[in-house]
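To find a chain, count down the sequence lines: A is the first, B the second, and so on, and within it residues start at 1.
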Number of protein chains: 2
Amino acid sequence: MPQTSIREVARRAGVSVGTVSNVLNRPDLVAEATRKRVRAAIEELGFVRNESARRLRQRAARTAGEFGDEPRRAFGVVIEDLTNPYATDVVRGADQALNEAGHDALWLSSDHSAARERRSLELLAEQRAAGVLIIPVGLGADDIARLRAAGLSVVLIDRDGADACSAQVDHVAGGEIAAAHLLGIGRERIAFVTGAPESQPCVERRDGAARTIVEAGFCKPVVLVMDALSPTEGQAAAQRLLAMSPPPDGVFCANDLLAIGLINELTRLGVRVPQDIAVIGYDDIELAASAAVPLTTIRQPRHEIGWEAAELALAEIREGQSHQHRQVVLTPDLVIRESA
Amino acid sequence: MPQTSIREVARRAGVSVGTVSNVLNRPDLVAEATRKRVRAAIEELGFVRNESARRLRQRAARTAGEFGDEPRRAFGVVIEDLTNPYATDVVRGADQALNEAGHDALWLSSDHSAARERRSLELLAEQRAAGVLIIPVGLGADDIARLRAAGLSVVLIDRDGADACSAQVDHVAGGEIAAAHLLGIGRERIAFVTGAPESQPCVERRDGAARTIVEAGFCKPVVLVMDALSPTEGQAAAQRLLAMSPPPDGVFCANDLLAIGLINELTRLGVRVPQDIAVIGYDDIELAASAAVPLTTIRQPRHEIGWEAAELALAEIREGQSHQHRQVVLTPDLVIRESA
DNA sequence: AGCGTAGCTTGAAACGATTCACGATCTTCG
DNA sequence: CGAAGATCGTGAATCGTTTCAAGCTACGCT
């Protein structure tokens, strides 16, 4: 493993290391002929620049010289669950924004574990990534401070926090809209189905819905806490809802996966959706539109959340000292299809 | 941005830099009292070790000293589409295997673009990642050679290649199994629905199916090429299948997302599945079991593919020079539910 | 010829960590 | 008491790259 370095390239091309570096970084400073010779040497040796050394050297100078176009930087995106289409869509939005700005995005999973989350963040800090976009699971103010001390910008997705920028959706409003719609189509016995452990956004959806329902003069919705926000659990929820007497006539699910599993199972059991039970989901994932009964749901601007989060991270870097944390709050919409 | 370095920690704790480094890496060499003092200094200053410098220095020595437990290393996982549950499940398998071996996984997306794929690989090479697991889109032998020259191990997922290890599923067998099942339940006019651009695995599924059908004495299946392997396209496929005369009585979809969209739309249009048209999918994603008509499908051991790929990458590193590339081929199973 | 200029190239000094051969103390024991 | 270990700490060398002041040529101009 004779890891080729810039020095060997220089020897091969018969120039100094400084010149090779110039070919790599400011090719216009180097004469055409030399440039070609160096490029050929690089090709022949299969040289790949060692980013560790590069960054090690650069950080110092970078603060001095302010000009020139930004170098390409890497941002970490930490999500809790890779199998959740909501999360992956958010990530795609961020990915796209970062790419367009000429940067790279890497993703890490915390897998709902605070330990893994911490480990991922440490990795990013050690690698001196430019910033982190995170859907937090156990993140505390001290973790954020530590990241910032290591020079990273931090943006929270779907959570708020006083000590960092955040991009989130107004879930209370989302819950209100969902409940109002169910009430509007004449439903009176409403249930809320969610998954444990209940995340902050789910609680907000529940609270918004509950408040709307109570204010309309009905009693608080029954809450069914399933094991996860998955279609399989939605299926199980169907059984439990039907076992209630009287069963609800309207169900608000904390996400679309639950809703899809629920609807499929209800349909299979001969319950008509929405005639017998109306179901409304949350997220508007792609599958929602093509479900057995096309799903009425609360659309979250997932892509935009990711996009905004990325913009916030870039802004934090751009603004430096003068940066003030901002909380971007987006509003969800009601998408009416057939299930409610 | 007074990026704290080991030197400042040393000053603060009143020791030399060597000692701080020892506290970090071989704490047993340092006296209790000193260790505490250094740890306190690290805490107060919010010091995070600069991984760039660390690795820069380490590579040289690492080859010399063979002992000690492996340092934690980062592996890149490059996938083409983050929204595909098949890919994300594979990734989780890999993630888990790498984690258990004490390493980290980062994911990058190529988004079906060869340019982005190349860019992602370059990033990993520059960062001197330990290895790459990739579902390739436009990867060539030269790209692999270049990665290897930079010291990374390379494992292909779901594709084969002579110059790297690979973990894949026998899709020809999968196609055969699917077709044999449809024939076995008496279907004679079989259609195959796939998405463009058709990837190698999809072609193999199609070929396996076609061969089985022809050998059974029926005519080659009609092939419907949709724009993507998504539920939305599955929906569109339903319309096109029904427009055929006579319509097929059995459909083999290249993946479950297509099949789910297709079944939902058929059901909505009053076509009974499987009585009128039997539908079989491919992948066995979580949603398959809880679909409106529970999906009969070809189960790919996705998790194991990821796991095996990770093992291959680790083995390549462990074995060094003596490493021989291996092709791991797993066999898919038939999962019979209700749709066929 | 003399001089200024522009265009290329060079070489050495960083960057922040790890490593390793050596000192400096402190114990222990014949 | 003195020598031999043990136990801790030190500090310089090193990794591969970028940067920058300075050097070298060749050229144009007066």
Side-chain angles (χ1 to χ4, degrees), chain A residues 1-11 13-38 42 45 47-68 71-72 125-128 150-151, chain B residues 1-11 13-38 41-42 45 47-68 71-72 125-128 149-151:
Chain A
M1 26 213 74
Q3 205 62 263
T4 34
S5 85
I6 209 178
R7 202 182 314 291
E8 293 153 61
V9 173
R11 178 139 24 93
V15 298
S16 76
V17 296
T19 299
V20 176
S21 177
N22 280 337
V23 170
L24 258 27
N25 304 301
R26 290 127 80 192
D28 45 307
L29 289 188
V30 180
E32 170 76 7
T34 320
R35 212 186 312 152
K36 267 197 177 138
R37 208 143 31 90
V38 173
I42 289 178
L45 296 171
F47 165 79
V48 178
R49 74 140 96 57
N50 184 327
E51 184 66 16
S52 297
R54 173 192 180 68
R55 276 219 305 273
L56 176 56
R57 179 57 234 258
Q58 274 191 333
R59 214 193 34 70
R62 191 59 52 185
T63 24
E66 292 292 346
F67 333 87
R72 207 165 179 119
E126 288 176 354
Q127 308 265 9
R128 297 293 190 268
Chain B
M1 27 214 70
Q3 205 62 263
T4 36
S5 84
I6 208 178
R7 202 180 316 290
E8 293 155 61
V9 173
R11 178 139 25 94
V15 298
S16 75
V17 296
T19 301
V20 176
S21 176
N22 280 337
V23 170
L24 257 27
N25 304 301
R26 292 128 79 192
D28 45 307
L29 290 189
V30 180
E32 172 75 7
T34 320
R35 211 186 313 153
K36 266 198 176 138
R37 208 143 31 91
V38 173
I42 289 178
L45 297 170
F47 165 80
V48 178
R49 73 139 101 59
N50 184 327
E51 185 67 15
S52 296
R54 173 193 181 68
R55 275 220 306 272
L56 175 58
R57 179 57 232 261
Q58 272 189 331
R59 214 196 31 72
R62 191 59 52 184
T63 24
E66 291 292 347
F67 334 85
R72 210 170 176 115
E126 289 176 355
Q127 308 264 11
R128 297 294 188 268

NZ of K36(A) versus P of dC8(C): gap in Å, rounded? 14 Å
Checking contacts here: which listed nucleotide (dA12(D), dA17(C), dA13(C)) is nearest the side-chain heavy atoms of R57(A)? dA13(C)
Go nucleotide by nucleotide along DNA chain C from the 5' end; which of E51(B) and R37(A) gets its closest nucleotide reached first? R37(A)
Nearest-Å distance, CG (L45(B)) to C1' (dA17(C))? 16 Å
Does E126(B) form a side-chain contact (heavy atoms from CB on, under 4.5 Å) with V48(A)? I'd like the steps, not just the answer. CA-CA 6 Å; E126(B) 289 176 355; V48(A) 178; 4.0 Å; yes
Which of the following nucleotides, dT18(C), dT9(C), dT17(D), is nearest to the side chain of V30(A)? dT9(C)
Please classify the nucleic acid contact of V20(A) as base, sugar-phosphate, or nothing, using heavy-atom distances under 4.0 Å. nothing
Could you please name the option among dT10(D), dA17(C), dT18(D) that lies closest to any side-chain atom of S5(B)? dA17(C)
Passes side-chain hydrogen bond (donor to acceptor under 3.5 Å, both in side chains), R49(B) versus N25(B)? Steps please. CA-CA 11 Å; R49(B) 73 139 101 59; N25(B) 304 301; 3.1 Å; yes
So which nucleotide from dT19(C), dG11(D), dT18(D) ends up closest to the side chain of R26(B)? dT19(C)
Output the single nucleotide from dG11(D), dT18(D), dT18(C) whose closest atom is nearest the side chain of L24(B). dT18(C)
Does S52(B) have a side-chain nitrogen or oxygen under 4.0 Å from the phosphate oxygens OP1 or OP2 of dC15(C)? no
Tell me: CD of E32(A) to C1' of dT9(C), nearest whole Å? 16 Å
Taking only the side-chain heavy atoms of N50(B) (C-beta and beyond), determine which of dG9(D), dT17(D), dG16(C) contains the nearest atom. dG16(C)
Calculate the interatomic distance between L29(A) atom CG and dG7(C) atom C1'; express it in whole Å. 10 Å
Inspect the contact between R11(A) and E8(A) and indicate whether a charged nitrogen and a carboxylate oxygen are less than 4.0 angstrom apart. no
Of all the choices, dG11(C), dT18(C), dT18(D), which nucleotide is nearest to the side chain of S21(B) once you look at every atom? dT18(C)
Atom pair CG/CD1 of L24(A) and I42(A) - distance to nearest 0.5 Å: 5.0 Å
Spacing of CZ belonging to R57(A) relative to OG belonging to S52(B), to within rounding of 0.5 Å: 14.0 Å
Check for a donor-acceptor pair, side chain of R55(A) on one end and backbone N or O of Q127(A) on the other, with a separation under 3.5 Å. yes
Which nucleotide wins on minimum distance to the side chain of R7(B), given the candidates dT10(C), dT17(D), dG16(C)? dG16(C)
Without decimals, in angstroms, what is the distance between R128(B) CZ and dG16(D) P? 9 Å
Please tell me which of the listed nucleotides, dT10(C), dA17(C), dT18(D), lies nearest to the side chain of T19(A)? dT10(C)
As a test of reading the structure: which of dT19(C), dT18(C), dT9(C) is closest to the side chain of N22(B), going by heavy atoms? dT19(C)
Could you tell me the separation between the CZ atom of R11(B) and the C1' atom of dA17(C), rounded to a whole number of Å? 16 Å
From CG of L56(A) across to P of dA13(C) the rounded distance in Å is 17 Å
Just the rounded figure in Å: distance from C1' of dC15(D) to CZ of R55(A). 15 Å
